[in-house]
Engineer: 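One structure follows; several queries about it will come next.
Hydrogens, waters and symmetry mates play no part in the numbers below; they use all other heavy atoms, side chains included.
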Amino acid sequence: MSKVLIIDDDEPLLRALRLNFAARGYQVQTAGSGAAGLAAAAHHPPDLVIVDLGLPDLDGLDVVAGIRGYSGVPIIVLSARHSGPTKVQALDAGADDYVTKPFGMDELLARMRAALRRAAPAPSAPVIATPAFTLDLSTKQATGPDGTLIRLTPTEWHLVEVLARHEGKLVEHKRLLREVWGPQYETETNYLRVHFANLRRKLEPDPSRPRYFVTEPGIGYRMDVTPAAG
């Protein structure tokens, strides 16, 4: 049974979500403020977090960043803020998905299932070793050259997994968006820009001159982990 933490100060919405999620077998915990949500996430780690941006005490973006600072749990932002820049800020803070209010319950449940699938460990996958990092896709563990653990979010892992299946080959924007977020996101290339910038910051020796996660402008991305010539 997956544990879901909902952080929102809209009590009628909390009741509706609690009833719908419980009816589908989820274990639900709710928090009506950012501080309470951060405490709940720390003391009773959930399998998925849903966060509203308009909380009474903290900005929801700070709550997302606070949880992401120590946890790779999937985070879905649920907010009435529709602007593109706000969505980018939420993804940059560590959110894996963004759902705007009003929303359809079936759509939210589908996105929850997708986020939980992305967070699940891969059954078997190779270890990718480079001078800059090592990725164990079966255990979802990334380490630096000195063995230091590098924390990647579930969405970042999913992007790595897709590229790893096609190592050395170009993967188009639409394919990445479809596999990671779903077919309705095939035009949301800003999602890719945000998450690949984070991947490069964490894994590339020089993020401004990426060696391993390469952009083909206007087309897509490829992972190149072959040793450099010479």
Side-chain angles (χ1 to χ4, degrees), residues 1-120 149 151-158 181 185 188 190-191 194-195 197-198 201-202:
M1 178 185 295
S2 296
K3 296 178 291 184
V4 179
L5 170 62
I6 311 168
I7 307 173
D8 198 308
D9 64 333
D10 184 338
E11 187 56 38
L13 177 61
L14 285 178
R15 286 197 298 270
L17 293 177
R18 187 187 300 114
L19 289 171
N20 273 278
F21 294 173
R24 289 162 174 83
Y26 293 103
Q27 182 180 333
V28 183
Q29 183 179 12
T30 61
S33 69
L38 288 170
H43 295 117
H44 305 284
D47 299 307
L48 182 139
V49 180
I50 296 175
V51 182
D52 180 28
L53 296 185
L55 297 169
D57 56 340
L58 299 172
D59 191 299
L61 294 175
D62 293 330
V63 175
V64 171
I67 295 173
R68 184 59 71 229
Y70 66 88
S71 173
V73 65
I75 300 174
I76 298 177
V77 168
L78 187 63
S79 177
R81 303 179 190 174
H82 292 251
S83 72
T86 300
K87 294 179 181 180
V88 172
Q89 288 175 342
L91 293 168
D92 207 20
D96 298 282
D97 202 352
Y98 194 107
V99 178
T100 54
K101 300 177 182 178
F103 60 91
M105 187 62 66
D106 287 342
E107 179 187 358
L108 177 59
L109 288 163
R111 295 199 191 188
M112 290 169 56
R113 291 192 296 271
L116 288 166
R117 283 196 302 271
R118 291 195 293 269
L149 188 66
R151 190 178 299 281
L152 302 185
T153 69
T155 296
E156 289 165 358
W157 274 115
H158 201 181
W181 285 278
Y185 286 85
E188 298 284 352
N190 58 309
Y191 278 38
V194 169
H195 285 291
N198 288 334
R201 176 175 54 80
K202 295 176 181 180

Engineer: May I have the list of side-chain donor-acceptor pairs in residues 28-45 shorter than 3.5 Å, sequence neighbours left out?
Structural biologist:
from: Thr30; atom 1: OG1; to: Arg18; atom 2: NH2; distance (Å): 3.3
from: Ser33; atom 1: OG; to: Ala36; atom 2: N; distance (Å): 3.2
from: His43; atom 1: ND1; to: Ala39; atom 2: O; distance (Å): 2.9

Engineer: I'd like to check the side-chain contact (heavy atoms from CB on, under 4.5 Å) partners of Ser79; sequence neighbours left out, ordered by chain and number.
Structural biologist: Asp52, Leu53, Val77, Arg81, Tyr98
Engineer: Measuring from atom CD1 of Ile75 to atom CD1 of Ile67, what distance do you get when rounded to the nearest 0.5 angstrom?
Structural biologist: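 Result: 5.0 Å between the selected atoms.
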Engineer: So how far is it from Ile50 CD1 to Asp97 CG, rounded to the nearest 0.5 Å?
Structural biologist: 10.0 Å
Engineer: Look up atom CZ in Arg24 and atom CG in Leu19, then write down how far apart they are to the nearest 0.5 Å.
Structural biologist: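 Taking CZ in Arg24 and CG in Leu19, the distance rounds to 10.5 Å.
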Engineer: Taking all non-hydrogen atoms of both residues, which atom of Leu48 and which atom of Ala115 are closest, and how far apart?
Structural biologist: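 It is CD1-CB, 3.8 Å.
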Engineer: Taking side-chain contact (heavy atoms from CB on, under 4.5 Å) as the definition, give me every residue that meets it alongside Pro12, ordered by chain and number, with sequence neighbours left out.
Structural biologist: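 So Pro12 forms a side-chain contact (heavy atoms from CB on, under 4.5 Å) with Asp10, Arg15.
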Engineer: For the OH atom of Tyr191 and the OG1 atom of Thr155, what is their distance to the nearest 0.5 Å?
Structural biologist: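 If we round to the nearest 0.5 Å, Tyr191:OH and Thr155:OG1 are 10.0 Å apart.
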Engineer: List for me each residue that meets side-chain contact (heavy atoms from CB on, under 4.5 Å) alongside Ala16, sequence neighbours excluded, and say none if there are none.
Structural biologist: none
Engineer: Which donor-acceptor pairs under 3.5 Å do side chains of residues 99-108 form with protein atoms, sequence neighbours excluded?
Structural biologist:
from: Lys101; atom 1: NZ; to: Asp8; atom 2: OD2; distance (Å): 3.0
from: Glu107; atom 1: OE2; to: Arg111; atom 2: NE; distance (Å): 3.1
from: Glu107; atom 1: OE2; to: Arg111; atom 2: NH2; distance (Å): 2.3

Engineer: As an exercise, state the distance from CG of Leu78 to CD1 of Ile7, rounded to the nearest 0.5 Å.
Structural biologist: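 CD1 of Ile7 is found 11.5 Å from CG of Leu78.
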Engineer: Looking at Glu188 and Lys87, is any side-chain nitrogen of the basic one under 4.0 Å from a carboxylate oxygen of the acidic one?
Structural biologist: no
Engineer: Between Asp96 and Arg68, does any NZ, NE, NH1 or NH2 come within less than 4.0 Å of an OD or OE carboxylate oxygen?
Structural biologist: yes
Engineer: How close do Leu91 and Asn198 get, heavy atom to heavy atom, and via which atoms?
Structural biologist: O-ND2, 4.3 Å
Engineer: Output all residues satisfying side-chain contact (heavy atoms from CB on, under 4.5 Å) with Ser2, sequence neighbours left out; order by chain, then residue number.
Structural biologist: Tyr26, Asp47, Leu116
Engineer: About how many Å separate CG of Asp62 and CG of Leu55, when rounded to the nearest 0.5 Å?
Structural biologist: 10.0 Å
Engineer: Among Lys202, His195, Arg151, find the residue that satisfies the side-chain hydrogen bond (donor to acceptor under 3.5 Å, both in side chains) test when tested with Glu156.
Structural biologist: Lys202
